[in-house]
Amino acid sequence: MGRVVAVLFAVAALNAGCGGSRTAHGLTLDSILQRPGPDIGVTAGAGEFVPGAVRFPFLVIANNAKPVERPAASVWLATSRSARPFERVSAKLEPIGVPGRSAAAFGGVTRIYVAHLRIPRPGRYWLVAQPLGAKLQALGAIDVSARSRSVAVGARAPRSDTPTLASAPAAQITTSSPPDLPLLRHSVAQSLVAHAPFVVTFATPKFCTSRTCGPVVDVVEAARQQYAARGIRFIHVEVFEHNNPARGYNRWMRQWGLSSEPWVFLVGRDGRVKAKFEGSVSQAELSAAIRANLV
């Protein structure tokens, strides 16, 4: 019976796509965890969440330390392990970095699941993720805060005088190799004064060690090649003081309320944040957000 139920939910998840769906009567997260196969932990790819639409990137790392990379995963969300899920969605597997161009993230990870959830209010929520066709279940928790620590969507972007090639040599303001020169031409402050829409990433290619942070700078550069002719600026800002992790995050990270990396923000001509991504973001996700908010 357990295998039949698992198959039924796998088929339902494929039919539902990325949207939410009703959950079966009597189903709880604990009952899902009782299905055949080991119970492991979800590796979250982001840590800041607020009520509303929640983008939750995550990895499922099996007991052999290898990532599980099935095309999709069913995700159930509940207020506790013993509660009935109030939402079930299908998480899509997204590339990390630019396929064929970027190096793998730490641990050889090249893809990450992304689930889009609706969470109504602050609090701790629990989820179970099950990659389709895999006999394992991954348990995780999401802590949802009342407000963002980072600059919120809809808020004015800080007028940060971020470094450019006009103010310092490339070797001092980027750890990309080779240097990502096109992303160092404009500062955030200059772009705000010019009322130019822009995409800014706070990331450190050299010192990124998380399994989920990934080569986001490559993704932003790929977007620049696609959209720069539309008048959109693309900016890379390093995260550590003097590019030295031992000295902690720099003032630009503090100005934007950031305590992790990488982040990507989309800012409109009006100087307000239109969208943001914490952690790895795929080229397709960023391109869709640019088309929706900046073009």
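Looking at heavy atoms from C-beta onward, E261 lies out of side-chain contact with E278 at the 4.5 angstrom threshold. Contact of the V200 side chain with the V264 side chain is not registered, since no non-hydrogen atoms from C-beta on lie closer than 4.5 Å. In this structure, L266 and I290 have side chains that are in contact, with non-hydrogen atoms separated by less than 4.5 Å. P122 is listed as a side-chain neighbour of P51, based on a closest heavy-atom distance under 4.5 Å. The side-chain heavy atoms of F49 and D143, taken from C-beta on, include no pair separated by under 4.5 Å. A heavy-atom distance below 4.5 Å is found between the side chains of L117 and V89. Residues R233 and V199 are not in side-chain contact: their nearest non-hydrogen atoms beyond the backbone lie 4.5 Å or more apart. Within the 4.5 Å cutoff, the side chain of P215 has heavy atoms near those of the I96 side chain.
The backbone N or O of V151 lies less than 3.5 Å from no partner atom in the side chain of S148, so there is not a single donor-acceptor pair. Although no hydrogens or angles enter the test, the distance criterion places no donor-acceptor pair under 3.5 Å between the side chain of T79 and the main chain of Y125. Counting only distance, with no hydrogens or angles, the side chain of R70 and the backbone of L132 share a donor-acceptor pair below 3.5 Å. With hydrogens and angles ignored, the 3.5 Å screen pairs a side-chain donor or acceptor of Q190 with a backbone N or O of S187. With T174 contributing its side chain and S176 its backbone, the two residues share a donor-acceptor pair below 3.5 Å. For S102 (side chain) and P99 (main-chain N/O), no donor-acceptor pair under 3.5 Å exists by modelled atom type. No donor-acceptor distance shorter than 3.5 angstrom exists from the side chain of R272 to the backbone of V267, with no hydrogens or angles considered. Although no hydrogens or angles enter the test, the distance criterion places a donor-acceptor pair under 3.5 Å between the side chain of E285 and the main chain of S282.
Residues W256 and F240 are members of one and the same hydrophobic cluster, defined by side-chain heavy-atom contacts under 4.5 angstrom among Ile, Leu, Val, Met, Phe, Trp and Tyr. Following chains of ILVMFWY side-chain contacts shorter than 4.5 Å, one cannot reach L181 starting from V98, and the two form parts of different hydrophobic clusters. The cluster map of Ile, Leu, Val, Met, Phe, Trp and Tyr, joined by side-chain heavy atoms under 4.5 Å apart, puts V219 and L294 in the same cluster. By the criterion of side-chain heavy atoms lying less than 4.5 angstrom apart, applied directly or through intervening Ile, Leu, Val, Met, Phe, Trp or Tyr residues, F56 is grouped together with I40 in one hydrophobic cluster. Transitive grouping of hydrophobic side chains (ILVMFWY, heavy atoms separated by less than 4.5 Å) keeps V216 and L184 in distinct clusters.
Taking every heavy atom of both residues into account, A157 and L192 meet most closely at O-CD1, 3.7 Å. Heavy-atom minimum distance, Q130 versus L136: CG-O, 3.4 Å. Looking at every heavy atom in both residues, V144 comes nearest to V50 through CG1-C, 3.5 Å. Smallest separation of non-hydrogen atoms from A78 and P85: CB-CA, 3.8 Å. Counting all heavy atoms, side chain and backbone alike, A170 lies closest to P179 at CB-CB, 4.1 Å. Taking both residues in full, the closest heavy atoms of S150 and F265 are given as CB-CZ, 4.3 Å, listed atom of the first, atom of the second, then distance.
No close placement of the F234 and F198 rings is indicated, their centers lying 6.0 Å or farther apart. Residues W252 and F202 keep their aromatic ring centres 6.0 Å or farther apart.
For the pair R35 and W76, the cation-pi test (distance below 6.0 Å, angle within 45°) is passed.
A distance of 12.0 Å separates OG of S80 from CZ of R124, quoted to the nearest 0.5 Å. Atoms CD1 and OG, from I32 and S74 in turn, are 9.0 Å apart once rounded to the nearest 0.5 Å. For the atom pair L33 CG and T28 OG1, the distance stands at 8.0 Å (nearest 0.5 Å). Distance CZ/F277 to CG/L286: 6.0 Å, rounded to 0.5 Å. In this structure, H236 NE2 and E238 CD are separated by 4.0 Å, a value rounded to the nearest 0.5 Å. Atom CG of L27 sits about 7.5 Å away from atom CG of L29, to the nearest 0.5 Å.
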Quick one, V42 with L127, criterion side-chain contact (heavy atoms from CB on, under 4.5 Å). Give me CA distance, side-chain angles, the key distance, then yes/no.
CA-CA 9 Å; V42 162; L127 63 84; 3.9 Å; yes
Between L139 and R81, is the side-chain contact (heavy atoms from CB on, under 4.5 Å) condition met? List the steps.
CA-CA 9 Å; L139 176 68; R81 290 180 51 167; 3.6 Å; yes
Start with the C-alpha distance between R55 and V114, add both sets of side-chain angles, then the distance that settles side-chain contact (heavy atoms from CB on, under 4.5 Å), and finish with yes or no.
CA-CA 7 Å; R55 175 185 178 270; V114 177; 3.7 Å; yes
Please step through salt bridge (charged side-chain N to carboxylate O under 4.0 Å, His left out) for the pair K276 and E48, ending with a clear verdict.
CA-CA 11 Å; K276 63 180 181 179; E48 181 185 294; 3.3 Å; yes
Determine, stepwise, if the pair S191 / I235 fulfils side-chain contact (heavy atoms from CB on, under 4.5 Å).
CA-CA 10 Å; S191 301; I235 303 168; 3.7 Å; yes
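Residues E241 and N250 have side chains that never bring a donor and an acceptor to within less than 3.5 angstrom of each other. A side-chain donor-acceptor contact under 3.5 Å links R291 and S287.
Partners of W126 according to the side-chain hydrogen bond (donor to acceptor under 3.5 Å, both in side chains) rule, which considers only residues two or more places apart in sequence or in another chain, do not exist here. Contacts of N243 classified as side-chain hydrogen bond (donor to acceptor under 3.5 Å, both in side chains), with partners at least two apart in sequence or in another chain: none.
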Check: residues 105-112 side-chain donor-acceptor pairs under 3.5 Å, at least two apart:
from, atom 1, to, atom 2, distance (Å)
R111, NE, E69, OE1, 3.3
R111, NH2, E69, OE1, 3.1

